[in-house]
2 protein chains.
Amino acid sequence: MSAAEIKAKILGVATSLFEAKGINACAVDMIINASGVARATMYRHFPSKDTLIMAFLRSKADAFYEWLNRGLRNQKGKPADKLIALCILMEEWIGTPNFKGLPFHIGTIEFPEPDHPVNQFSITLAKELQEYFSALAKEAGAPDPAGLSQQIIMLFEGAALVERVAPGSNAAAKAKDAALLIIRGTLK
Amino acid sequence: MSAAEIKAKILGVATSLFEAKGINACAVDMIINASGVARATMYRHFPSKDTLIMAFLRSKADAFYEWLNRGLRNQKGKPADKLIALCILMEEWIGTPNFKGLPFHIGTIEFPEPDHPVNQFSITLAKELQEYFSALAKEAGAPDPAGLSQQIIMLFEGAALVERVAPGSNAAAKAKDAALLIIRGTLK
DNA sequence: CTAAAGAGACAGAACGTTCTCTCTCTTTTG
DNA sequence: CAAAAGAGAGAGAACGTTCTGTCTCTTTAG
C-alpha cells in the first residue's frame, strides 16, 4: 500500500467511526486498530487527532460540494430554477438511507470552546456554506440573498438533526417542501 | 443552605458551565469547584454525571414549556393564531441575547451512541417537543399536523444551531419569517 | 445525636502523544 | 551489480494528564 493509500484508509476508517460513534467518543486506539495501521503511521500522516478531525470535516464538505456542483452544472433555465434544484439535491443528500449528518455545524457542538481549533475550523466551514448558498440566492434575484440563504441552511441543518433523532421520518422531504414554500414566498 | 437549595445551586452552576463550555468539556471538578460544594454532596444529589446532565436538559426543557404555556394561555382568536403566536414566542426565546441552545437535540450530538442514557433521554425530549407542536398544528387544522410540526421544529432547531455559529445574525427572526411562510402556505 | 456538608485523598480507567525497536522495501553509491 | 543508507510502516510499551466515582475524616446544623 502506498503512502497516499494508507492516508486515505486512515481517513476512511476514521470517517466511519466518527459518524457511527461521534467524534469525541472515538479514541485513537479504535482508529488504528480498525484500520490496521501503526500508531506512528497515523501520527505521521495526521500530526494530531485534531488534524484528523478537521481532515474528516473537510473531506465531508468537499464531497458535498462536489455533489452539488455536479447536480447544478447542467442546470440551465431561469436562475431561480437553480435554487429549486439546490433544494432537491439537498433532499436527496440528506434523505439517503446512510446519511450521517452535515459537517458544517457539528464541530461547534462537539467542540464548543471558541478557542478550540476544531471549533474555529467549523466556523469557516459554516461560512463557506453560507457563501455558496448566498451566491445562488443572489443569482435567483432574492432581495436579501444572505437572509434567504440562511433560512434554507437552517431548514436543512434542522432536518439533518431531526433525521438523526428520528430516522425514517422523511425529514429531508419535509424540509425540501418547506424550502420551496419559502423560496416561492420570497421571490414572490 | 437547605438541601433543596444546594441541589438547585449545583444544577444552576452546572447549567452555566454546560452552556458555556459544552457538556463533555465540563469535568465534575469544575462543577463542584464553581459551586463550592463537596464532591460527595454532588454525588448524593446526583448519583452520576449522566443524571446531572439529564436533569440539566430536563430543567431547560421545562423552562421552555413554561414560557410557551404562559405565552399561549391567553391566546384566544382562531386556532391558527395560536400557531403563529408559537412562532413569535420561539423567536423571542431563541433571539434573546444570552440564548445558549435548545435542549432537545443537543444530547444526541454530544452523546451519539444509541445506548447512552443521555442519548435515549434526548430522544424522548425530542418526541415530547414533537407532540407539543403537533397538537397545536392539529388545532390549527393542518392537513398533516405531524409534518407541519416537524417543519417548524427543523427550522428553529436549525436557527438555534446557526445562532451559535454566527451570533447576532438574526437567525431567530429569519426562522420566524420562514415559519410563517410555511404555515400560511400549508393551511391553504 | 444524627444526618448532611466540606475537604481532599484515592483507585481505576481512558485518552492523546511520544518513544523505542524491528522489518521491509526503495534509492543511492562505490 | 552489490552493498549501504534511508524512508516508511508495524507493534507495542510508557508517560502524563484527565476524568468519574468512592472513601475517609472532620465540621456543622437541626
For the residue pair [X] and [Y], what are the closest heavy atoms and their distance?
| X | Y | value |
| --- | --- | --- |
| Phe156(B) | Glu91(B) | CE2-N, 4.1 Å |
| Glu139(B) | Pro79(B) | O-CB, 3.1 Å |
| Lys9(A) | Ser35(A) | CE-O, 3.9 Å |

Nearest-Å distance, [atom1] ([X]) to [atom2] ([N])?
| X | N | atom1 | atom2 | result |
| --- | --- | --- | --- | --- |
| Ile53(B) | dG21(D) | CD1 | C1' | 14 Å |
| Asn33(B) | dA5(C) | CG | P | 18 Å |
| Lys9(A) | dG10(D) | NZ | P | 10 Å |
| Ile32(A) | dA13(D) | CD1 | C1' | 12 Å |
| Arg44(B) | dT2(C) | CZ | C1' | 13 Å |
| Phe46(A) | dA9(D) | CZ | P | 12 Å |
| Ile6(A) | dC25(C) | CD1 | C1' | 12 Å |
| Lys7(B) | dA4(C) | NZ | C1' | 15 Å |

Could you encode protein contacts along nucleotides 8-19 of chain C as a string, one character per nucleotide from 5' to 3', using B for base contact, S for sugar-phosphate-only contact and - for no contact, with a heavy-atom cut-off of under 4.0 Å?
BB-----SSBB-
So, applying salt bridge (Lys or Arg N to Asp or Glu O under 4.0 Å) with Glu19(A), which one of Lys100(A), Arg164(A), Lys60(A) is it?
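Among Lys100(A), Arg164(A), Lys60(A), the one that satisfies the salt bridge (Lys or Arg N to Asp or Glu O under 4.0 Å) with Glu19(A) is Lys60(A).
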Where do Val118(B) and Glu110(B) land on the side-chain contact (heavy atoms from CB on, under 4.5 Å) test, with the steps shown first?
CA-CA 9 Å; Val118(B) 175; Glu110(B) 288 225 55; over 6 Å; no
According to ring pair (Phe, Tyr, Trp, His ring centres under 6.0 Å), does anything in residues 168-188 of chain B pair up with another residue at least two apart or in another chain? List the pairs.
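Non-adjacent pairs meeting ring pair (Phe, Tyr, Trp, His ring centres under 6.0 Å): zero.
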Value rounded to 0.5 Å, distance of CG in Asp50(B) from CD1 in Ile23(B):
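Asp50(B) atom CG to Ile23(B) atom CD1 measures 10.0 Å (nearest 0.5 Å).
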Note down the inter-axis angle between the two ends of the helix from dC1(C)-dG30(D) to dG30(C)-dC1(D), five pairs each, to the nearest 10°.
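End-to-end axis angle for the helix from dC1(C)-dG30(D) to dG30(C)-dC1(D): 10°, rounded to 10°.
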For dA9(D), does either OP1 or OP2 sit under 4.0 Å from a side-chain N or O belonging to His45(A)?
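Result: yes.
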dG8(D) OP1/OP2 closer than 4.0 Å to side-chain N/O of Thr41(A):
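No.
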Please say which of Glu157(A), Gln150(A), Gln151(A) ends up in a side-chain contact (heavy atoms from CB on, under 4.5 Å) with Ile153(A).
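Only one option passes, and that is Glu157(A).
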Considering the options Tyr132(B), Phe133(B), Trp93(B), which one meets the ring-ring contact (aromatic ring centres under 6.0 Å, His included) requirement together with Tyr65(B)?
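Per the ring-ring contact (aromatic ring centres under 6.0 Å, His included) rule, the option paired with Tyr65(B) is Tyr132(B), out of Tyr132(B), Phe133(B), Trp93(B).
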